[in-house]
Protein chains: 2
Amino acid sequence: MNEAAENSPEWSDIGTQVTRLVREIIARVADKWTMPIIEALHEEPNARFNQLQRAVDGISQKVLTQSLRQLESEGLVERTAYAETPPRVEYKLTPLGESLGEAFCGVWIWAEKHCQQIEASRAAFQEKRK
Amino acid sequence: MNEAAENSPEWSDIGTQVTRLVREIIARVADKWTMPIIEALHEEPNARFNQLQRAVDGISQKVLTQSLRQLESEGLVERTAYAETPPRVEYKLTPLGESLGEAFCGVWIWAEKHCQQIEASRAAFQEKRK
DNA sequence: CAGTATCCAGTTGGATACTG
DNA sequence: CAGTATCCAACTGGATACTG
């Protein structure tokens with residue numbers, strides 16, 4: 001039995017009820033950068049902008065700004081600007097943001113457990129295609 | 001307490017161990033179409049190509065083909081072609097594919113539970129910006 | 001039916017320069 | 001420091017036409 005499903009309703013039940021809105025939300029939060037940012041903010045609460053950019057690894061300033069604004073608009077991240085010079089801005093997860101991280105935990109565990117197998121599959125598929 | 005975290009290790013523990021490969025896998029499977037396709041295949045095992053395209057709602061033939069090839073290469077989907085005319089090709093989830101669906105269950109539940117709140121947040125954010 | 005091939009418009013995102 | 005603004009190259013993905 002799979003540990004991620006033990007205390008969840010059968011996911012087929014969920015699937016049949018799903019609305020367009022839910023799908024849109026999932027597609028949104030499951031993009032390239034959302035989880036890395038949420039992870040970084042979980043690791044370092046009240047992180048500042050440049051600190052976050054270093055933590056996220058590979059994200060550009062532009063995309064980090066965009067992502068943070070979106071996460072803020074969705075209530076997943078809270079932004080606090082202090083009126084100082086030089087300016088200081090801190091970001092932290094809201095409880096909703098933390099709960100998304102927890103919800104994603106199952107996927108993370110799945111990926112850790114099976115990433116070797118997936119890599120092997122890809123390699124085998126390439127071989128077969130030759 | 002959040003139901004998704006009840007029987008998982010603390011996700012901060014996971015985060016610190018995460019490798020580049022795991023992140024890449026997550027970014028891959030968490031794209032726009034992977035979950036809708038896996039959901040459709042879970043609902044209708046042994047679905048045929050056109051059946052799948054109708055089920056997934058909005059996906060183009062090209063992208064469905066690409067996605068299925070990728071899922072196949074990763075060992076999440078099994079493709080069976082029957083040597084008939086007209087050709088018949090059936091797709092189904094592998095056990096690995098099923099397990100990904102189960103792992104994603106937590107995110108699905110999260111999205112269902114909070115989508116109203118997120119919509120409200122977005123609206124409020126728009127208002128504030130005016 | 002189950003694709004492949006091609007064209008092309010729209011979006012994404014990096015690099016760079018500039019600002020309060 | 002924490003962004004905003006702009007330009008532009010690359011990738012994504014839809015529409016269409018064609019094929020075994």
Side-chain angles (χ1 to χ4, degrees), chain A residues 20 23-24 26-37 40-41 44-74 77-93 125-126 128-130, chain B residues 20 23-24 26-37 40-41 44-74 77-93 125-126 128-130:
Chain A
R20 193 156 308 218
R23 284 202 179 168
E24 182 262 317
I26 291 177
R28 235 299 293 139
V29 300
D31 75 349
K32 191 179 175 187
W33 295 113
T34 299
M35 283 313 297
I37 292 172
L41 282 172
E44 290 187 278
N46 301 312
R48 301 177 62 169
F49 186 89
N50 285 344
Q51 191 180 355
L52 262 179
Q53 188 173 4
R54 282 187 298 273
V56 171
D57 178 50
I59 199 168
S60 68
Q61 187 183 41
K62 177 183 168 183
V63 173
L64 179 57
T65 302
Q66 286 172 348
S67 303
L68 286 171
R69 288 290 168 281
Q70 186 156 26
L71 290 168
E72 190 192 355
S73 80
E74 286 159 344
V77 160
E78 188 185 326
R79 177 182 185 274
T80 312
Y82 297 89
E84 303 170 359
T85 42
R88 178 164 56 101
V89 179
E90 290 182 354
Y91 293 92
K92 65 174 178 183
L93 293 179
F125 194 79
Q126 287 305 316
K128 214 173 54 184
R129 290 260 141 169
K130 280 202 294 194
Chain B
R20 193 156 308 215
R23 283 203 179 167
E24 184 262 318
I26 291 178
R28 237 298 293 139
V29 300
D31 76 350
K32 191 179 175 188
W33 294 114
T34 299
M35 282 315 294
I37 291 173
L41 282 173
E44 290 187 280
N46 301 314
R48 301 176 62 170
F49 187 88
N50 286 344
Q51 191 180 355
L52 262 178
Q53 189 174 3
R54 283 188 299 273
V56 170
D57 178 49
I59 198 168
S60 69
Q61 188 183 41
K62 176 183 170 183
V63 173
L64 179 56
T65 301
Q66 287 173 348
S67 303
L68 285 171
R69 288 291 167 280
Q70 185 154 28
L71 290 169
E72 190 192 353
S73 80
E74 286 159 343
V77 161
E78 188 184 325
R79 177 182 185 274
T80 312
Y82 297 89
E84 303 171 359
T85 44
R88 180 163 56 101
V89 179
E90 291 183 352
Y91 294 92
K92 65 174 179 182
L93 293 179
F125 195 78
Q126 287 305 317
K128 214 173 57 183
R129 290 261 140 167
K130 280 202 298 196

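Residue numbering restarts at 1 for every chain, and letters A, B, ... go by the order of the sequence lines.
- Atom CD in B:Glu72 sits about 13 Å away from atom C1' in C:dA2, given to the nearest Å.
- When all heavy atoms of B:Trp33 and B:Gly58 are compared, the pair lying nearest together is CH2-C, 3.7 Å.
- Nearest to the side chain of B:Val63, among C:dT4, D:dG14, C:dA17, sits D:dG14.
- In this structure, the side chains of A:Lys92 and A:Leu41 stay at 4.5 Å or more apart for every pair of heavy atoms.
- Under 4.0 angstrom from either OP1 or OP2 of C:dA2 there lies no side-chain N or O belonging to B:Arg69.
- Remark: C1' of D:dA15 and CD1 of B:Ile59 are 15 Å apart, rounded to the nearest angstrom.
- Ranked by how close their nearest DNA chain D nucleotide is to the 5' end, A:Pro87 and A:Lys62 are led by A:Pro87.
- Atom CD of A:Gln61 and atom P of D:dT6 are 15 Å apart (whole Å).
- Consecutive pairing runs in DNA chain D reach the stem threshold at C:1-20 with D:1-20, where a stem means at least three Watson-Crick or G-U wobble pairs with distances under 3.5 Å.
- At least one side-chain heavy atom of A:Arg54 sits under 4.5 Å from a side-chain heavy atom of A:Gln51.
- With sequence neighbours excluded, the residues that form a side chain to side chain donor-acceptor pair (under 3.5 Å) with B:Arg79 are B:Tyr91.
- What separates CD of A:Glu84 from P of D:dA2 is a distance of 10 Å, to the nearest Å.
- What you find for B:Gln53 and B:Ser60 is that their closest heavy atoms are NE2-C, 3.7 Å.
- The side chain of B:Pro86 lies closest to C:dC1 when the candidates are C:dT4, D:dG3, C:dC1.
- For B:Leu64 and C:dT4, the CG to C1' distance is 14 Å, given to the nearest whole Å.
- The side chain of A:Arg88 contributes no N or O atom lying less than 4.0 Å from OP1 or OP2 of D:dA2.
- Each of A:Ser60 and B:Asn50 has a nearest nucleotide on DNA chain C; the 5'-most of these lies closest to B:Asn50.
- Protein atom CZ of B:Arg54 is 12 Å distant from nucleotide atom C1' of C:dA2, rounded to whole Å.
- The shortest distance between side-chain heavy atoms of B:Val77 and B:Leu93 falls below 4.5 Å.
- If you take CD of A:Gln51 and P of D:dA2, they are 9 Å apart, rounded to a whole angstrom.
- Note on B:Tyr91: only backbone sugar-phosphate atoms sit closer than 4.0 angstrom, heavy atoms only; bases stay farther off.
- Side-chain N/O atoms of A:Arg48 include none lying less than 4.0 angstrom from OP1 or OP2 on D:dC1.
- Taking 4.0 angstrom as the limit, A:Arg79 places a side-chain polar atom (N or O) nearer than this to OP1 or OP2 of D:dG3.
- Residue contacts shown for A:Gln66 are absent, as no nucleic acid heavy atom lies under 4.0 Å away.
- A:Leu68 has its CG atom 16 Å from the P atom of D:dC1, to the nearest Å.
- Paired with B:Thr34 under the rule side-chain hydrogen bond (donor to acceptor under 3.5 Å, both in side chains), one option of B:Gln70, B:Arg28, B:Glu74 passes, and it is B:Arg28.
- With distances taken from any side-chain atom of A:Lys32 to the nucleotides D:dC1, C:dG14, C:dA2, the minimum falls on C:dG14.
- Side-chain contact between B:Leu64 and B:Ile37: present, with at least one pair of heavy atoms (C-beta onward) separated by less than 4.5 Å.
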